[in-house]
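Reviewing the structure listed below.
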Number of protein chains: 2
Amino acid sequence: MELADEAGIESVTMRELGRRLGVKAASLYNHIAGKDDLLDGLMNLALSGIDIALDGLDWKDAMRRRAVSAREVFARHPWAAGLIDSRDRRGRESLAYVDRVLGVLIRAGFSTADAANAFLVLDSYIYGFERQRPAAPEGNGTDGTGEAREILAAIPEGEYPFAARVAAEFSGKPFDREAAFEFGLGLILDGLERSLGH
Amino acid sequence: MELADEAGIESVTMRELGRRLGVKAASLYNHIAGKDDLLDGLMNLALSGIDIALDGLDWKDAMRRRAVSAREVFARHPWAAGLIDSRDRRGRESLAYVDRVLGVLIRAGFSTADAANAFLVLDSYIYGFERQRPAAPEGNGTDGTGEAREILAAIPEGEYPFAARVAAEFSGKPFDREAAFEFGLGLILDGLERSLGH
DNA sequence: AGCATGTACTAACAGTGTTAGTATGTCAAG
DNA sequence: CTTGACATACTAACACTGTTAGTACATGCT
């Protein structure tokens, strides 16, 4: 996980991992079944950082909490989301997770079909959000203003006026990703609440 | 694109592609700069299938049309979404796309910041949705009922009651992904509309 | 006729995951 | 203390991957 966070998931090779551990690549096979096994473990390790202690909360608070916590995980480990959809999601661990979430929704009054729908919609948003991250800027800070400036400079004069306006807007002030996430999350949760009362 | 659709993006190797074209791998380099070039082209080819002829439509209709069309593309080419976030999104082509969409929103009355927000929220959902697809079932049809049955059978008796209920629900009838997508899309669009009037 | 261009080829390189076979250290039983 | 079993590390190799250098050939223009 340290290796993936620091150097990117593409740097997680058997030989590189071995180098970090002071060991040759082949020796790793005494401990794991193969690279798939390694990546499965990595995925579960990341997923275990998502808060699903949802008992006793209102369904909306529970879903919001889960979503915010999931986004933090995906922001901290940008490789996690990509890892998830390149492999099977049907492990025991994720089944428990699914059951927890569905339980909250069904107990709140959603039909089984509606609960499945709500789950899918919410997770689509959650999993999709941190992917909408522009490629990391080179030598700038982490607020993205430098990158916005860079994009702005690359836009041909007058050809893309609206993109230019938006880039100009965010070259001055940082973009608050967390706030943007919660804005969209609120839209979805409010909509689900409305759909609950027919 | 045929190769990626039929055999999966991981089968798109220089040697395999050459085999399909009746040519050795090295010969491909007379036509493309490298594999990155190839994948960029593949991505743009897929993206060009998204309908962005949005002029003259109400902003909601325009966004809905774009979203539905994008989902169809991602459903038809499951590798496309993954390709997009593994490479730089700042090409001329995608810049035109971005400008088009932002233009619709800003003209509809969104501030530049709100338009950027709306864009991000919408695309998070769009890009995230087709990833929430369970691994393809082996010998079953495409409606997923066989897979739901299979999952149901694999759930330990009584351990995950809510997951079991949902699996049971959908082992009887097919799951309409398109309807589910439009349901969530509607929630978001309605929410954006409400936020437009403060 | 000669030459330039485009395109295919073979061979090779460094890198990937993985396995077989071998050596080494540690620790428990006799 | 010796012996043996076990865990673990190693080297060497295999079949892949993307990519480049150098070469051959066929087409078509001057």
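Every chain is numbered from 1 and lettered A, B, ... according to where its sequence line falls, protein lines coming before strand lines.
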Inset, instruction - Could you tell me whether the side chain of A:K35 and the main chain of A:V12 form a donor-acceptor pair under 3.5 Å? - result: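 Present.
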
In whole angstrom, give the distance that lies between atom [atom1] of [X] and atom [atom2] of [N].
{"X": "B:L28", "N": "C:dT10", "atom1": "CG", "atom2": "P", "answer": "14 Å"}
{"X": "B:D36", "N": "D:dT17", "atom1": "CG", "atom2": "C1'", "answer": "14 Å"}
{"X": "B:D37", "N": "D:dG18", "atom1": "CG", "atom2": "P", "answer": "14 Å"}
{"X": "A:L38", "N": "C:dT16", "atom1": "CG", "atom2": "P", "answer": "14 Å"}
{"X": "B:I32", "N": "C:dG6", "atom1": "CD1", "atom2": "P", "answer": "17 Å"}
{"X": "B:H31", "N": "C:dA8", "atom1": "NE2", "atom2": "C1'", "answer": "8 Å"}
{"X": "B:M14", "N": "C:dA11", "atom1": "CE", "atom2": "P", "answer": "21 Å"}
{"X": "A:Y29", "N": "D:dC14", "atom1": "OH", "atom2": "P", "answer": "17 Å"}

Inset, instruction - Describe, in one word, how the ring planes of B:W59 and B:F110 are oriented to each other, choosing from parallel (under 30°), tilted (30 to 60°) and perpendicular (over 60°). - result: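 Correct class here is perpendicular.
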
Inset, instruction - Starting from the 5' end of DNA chain C, give me the residue, A:R19 or A:A33, whose nearest nucleotide shows up first. - result: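 Comparing both residues, the 5'-ward one is A:R19.
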
Inset, instruction - Assign each of B:V23 and A:A25 to its nearest nucleotide of DNA chain C by heavy atoms, then name whichever residue's nucleotide is nearer the 5' end. - result: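 Comparing both residues, the 5'-ward one is B:V23.
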
Inset, instruction - Give a yes or no on whether the ring-centroid distance for A:F175 and A:F170 is below 6.0 angstrom. - result: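 Aromatic pair counts; centres sit under 6.0 Å.
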
Inset, instruction - Compute the centroid of each ring, for B:F74 and then for B:Y127, and state whether the two points are separated by less than 6.0 Å. - result: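 That pair passes the under 6.0 Å test.
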
Inset, instruction - Scan A:T13 against the nucleic acid and name what it touches under 4.0 Å (heavy atoms): base, sugar-phosphate only, or nothing. - result: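 Sugar-phosphate, no base atom in range.
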
Legend entry - Check: A:S69 and A:I50 side chains under 4.5 Å, non-hydrogen atoms: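 In short, these two side chains touch, coming nearer than 4.5 Å.
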
Inset, instruction - Can you check whether any acceptor in the base of C:dG15 is under 3.5 Å from a donor in the side chain of A:R15, or vice versa? - result: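 No.
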
Legend entry - B:N30 (side chain) and C:dA8 (base): donor-acceptor pair under 3.5 Å: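 Side chain to base: pair present.
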
Inset, instruction - Establish, with yes or no, whether the OP1 or OP2 oxygen of C:dT7 is under 4.0 angstrom from a side-chain nitrogen or oxygen of B:S27. - result: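 Answer no for this pair, as no side-chain N or O of B:S27 is under 4.0 Å from OP1 or OP2.
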
Inset, instruction - Indicate whether OP1 or OP2 belonging to D:dG18 is found under 4.0 Å from a side-chain N or O atom of B:K35. - result: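 Yes, B:K35 has a side-chain N/O under 4.0 Å of OP1/OP2 on D:dG18.
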
